[in-house]
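Working notes, structure below.
Please read all numbers here as calculations on a predicted model, not as lab measurements. We count ligands from 1, going down the list as the structure has it; atoms in each ligand are counted the same way. In this chain, numbering begins with 1 at the start of the sequence shown. Heavy-atom basis, side chains included; hydrogens, waters and symmetry copies ignored.
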Amino acid sequence: MSARGAWGAGKIILLGEHAVIYGHPALAGALDLGVRVDARPGRLRLRVPAWQLDVDADDDHPAAAAVRLIADEIAARAAEAVAITMDDGLSAESHLERPAVELVADATVPAAAGLGSSAALAVAVTRALAAASGARLAADEVAEIANAAERAFHQRPSGVDVALASAGGLGVFRTATGLTRLPVPPLALAVGLSGEARSTATMVARVRDAVGGDARDPRLVALAACAEAGAAALGAGDVAALGPLFDVAHRHLGALGVSTPSLDRLVELARGAGALGAKLTGAGGGGAVIALAPGREADVVAAWRAAGATGMVVTVGASP
Ligand code: PMV
């Protein structure tokens, strides 16, 4: 696939998942893994071979519904722009067509693992369809449309995934203020995949029950404090300080009920292989763990693989 397609990055939440939904800060970065989408002439459909996904835009499937929503949103904006500037006597409705393109995605980020795969796809599809329609979208419009697609499938997403999928980099995200980039070099991490099926919506609901919907719950406040301390440490160039913060955050996430025995085991294996700290990342209930092991990432991945899990070394904070 060409390197010219439309890109959306995966993401890693370093600290602050779940708490971020309640207005607290999360420290997160874009992955060097993501989704690249090429638009080719054809009938509107989406193929993601790496995820065994192949849908026609009219299919009764969540991914097809996302493509429809994005295509219609772009068409509506294009029509609005035409209606404002139009002096050729055409009706704005004549521009309200979905583009006839086949979207083919090269996905390097694993699906449904807490690594922002759906936001990466939504951003890449938005960019590809905008380009195919000749629509010029500002960065915040790309994020708005991709977030609308995300909202249709996840209850109450904080927006952190889409912010990083579209803007890249590493920073502190808050629902109230969006992403504030930290000018720090990209960070190497080991990522382990539990392979367990998971649902973000179920985990978000579990935390809501656990905290009774209260943003002041001490576990959420503690997770937010970890995110703030992590941002301060990174800002000061003290990457190693993230390790103990990962450990503390994993304990609080466990107390909220979103860890699993497999995730706990991956975390233990990472620590045994020399990691300075490890935790689950994303919604939990399965998915991925991250481990900070400067210079020893490969040892951690080897320990996971020896135990039958999948692992890889990634870079967090890459810019598009
Ligand atoms: O597991 P993911 O990639 O869906 O990430 C979820 C992160 C949460 O904080 C749990 C939800 C959110 O919308 O921020």
Side-chain angles (χ1 to χ4, degrees), residues 8-31 33-35 51 62-63 66 107 109-123 143 146-166 171-179 189 191-211 213 215 217 219-224 226-227 230 249-250 252-260 262-263 266 279-290 314 316:
K11 66 92 189 44
I12 287 212
I13 298 182
L14 299 170
L15 293 159
E17 50 273 270
H18 286 292
V20 68
I21 296 177
Y22 296 82
H24 294 298
L27 178 64
L31 269 174
L33 308 174
V35 179
W51 301 344
V109 64
L115 302 179
S117 56
S118 67
L121 181 65
V123 165
N147 263 320
E150 283 278 274
R151 267 196 302 278
F153 308 106
H154 302 292
Q155 292 150 0
R156 210 181 156 194
S158 63
V160 61
D161 289 24
V162 164
L164 287 161
S166 56
V172 175
F173 179 91
R174 286 185 175 83
T175 49
T177 49
L179 183 68
L189 287 178
V191 174
L193 300 178
S194 73
E196 294 170 296
R198 59 185 280 288
S199 151
T200 298
T202 306
M203 292 302 118
V204 168
R206 183 174 294 178
V207 171
R208 190 180 51 234
D209 290 346
V211 304
D217 180 277
R219 292 161 294 188
L220 296 181
V221 171
L223 287 167
C226 287
H250 187 73
H252 289 300
L253 289 164
L256 287 170
V258 298
S259 192
T260 66
S262 313
L263 293 173
L266 292 178
K279 64 181 277 289
L280 70 84
T281 184
V289 303
I290 51 174
V314 300
V316 185

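The side-chain contact (heavy atoms from CB on, under 4.5 Å) test with His18 singles out one residue from Arg208, Met203, His252, and that residue is Met203.
Less than 4.0 angstrom separates some heavy atom of Pro157 from each of these atoms of ligand 1: 13 (O). In summary, the atoms of ligand 1 found under 4.0 Å from a heavy atom of Val160, numbered by their order in the structure, are 14 (O). Of all atoms in ligand 1, listed by their number and element, those nearer than 4.0 Å to a heavy atom of Ile13 are 7 (C). Shown in contact with Val20 at under 4.0 Å from a heavy atom are these atoms of ligand 1, numbered in order with element: 9 (O), 14 (O). Listed by number with element, the atoms of ligand 1 under 4.0 Å from a non-hydrogen atom of Thr200 are 1 (O), 2 (P), 4 (O). Near Lys11, meaning under 4.0 Å from any of its heavy atoms, are these atoms of ligand 1: 2 (P), 3 (O), 5 (O). Near Glu17, with a cut-off below 4.0 Å to any heavy atom, the atoms of ligand 1 are 9 (O). Less than 4.0 angstrom separates some heavy atom of Asp161 from each of these atoms of ligand 1: 3 (O).
Between the side chain of Ser117 and the backbone N or O of Ala112 there is at least one donor-acceptor pair closer than 3.5 Å. A distance-only check finds no donor-acceptor pair linking the side chain of Lys11 to the backbone of Val316 [under 3.5 Å]. Arg206 places a side-chain N or O within 3.5 Å of a backbone atom of Gly257 that can act as its donor or acceptor partner.
Under 4.0 Å from ligand 1, not a single heavy atom of Met203 appears. Contacts between Val207 and ligand 1 below 4.0 angstrom, taking non-hydrogen atoms only, are absent altogether.
Using a non-hydrogen distance threshold of 4.0 Å, Gly116 registers as a contact of ligand 1.
Across Ser158, Gly114, Gly282, Ala28, heavy-atom proximity to atom 14 (O) of ligand 1 is greatest for Ser158. In this structure, of His24, Arg198, His18, Arg151, the residue bringing a heavy atom nearest to atom 2 (P) of ligand 1 is Arg198.
Residues passing the side chain to side chain donor-acceptor pair (under 3.5 Å) test with Ser194, sequence neighbours excluded: Glu196. Residues passing the side chain to side chain donor-acceptor pair (under 3.5 Å) test with Asp217, sequence neighbours excluded: Arg219.
Considering backbone and side-chain atoms together, Ala283 places an N or O closer than 3.5 Å to an N or O of ligand 1.
Rounding to the nearest 0.5 Å gives a distance of 4.5 Å between CG of Leu253 and CG of Leu280. Taken from CD1 in Ile290 to CG in Leu189, the straight-line distance is 5.5 Å, to the nearest 0.5 Å.
A 4.5 Å side-chain heavy-atom check between Val172 and Leu179 finds every atom pair outside the cut-off.
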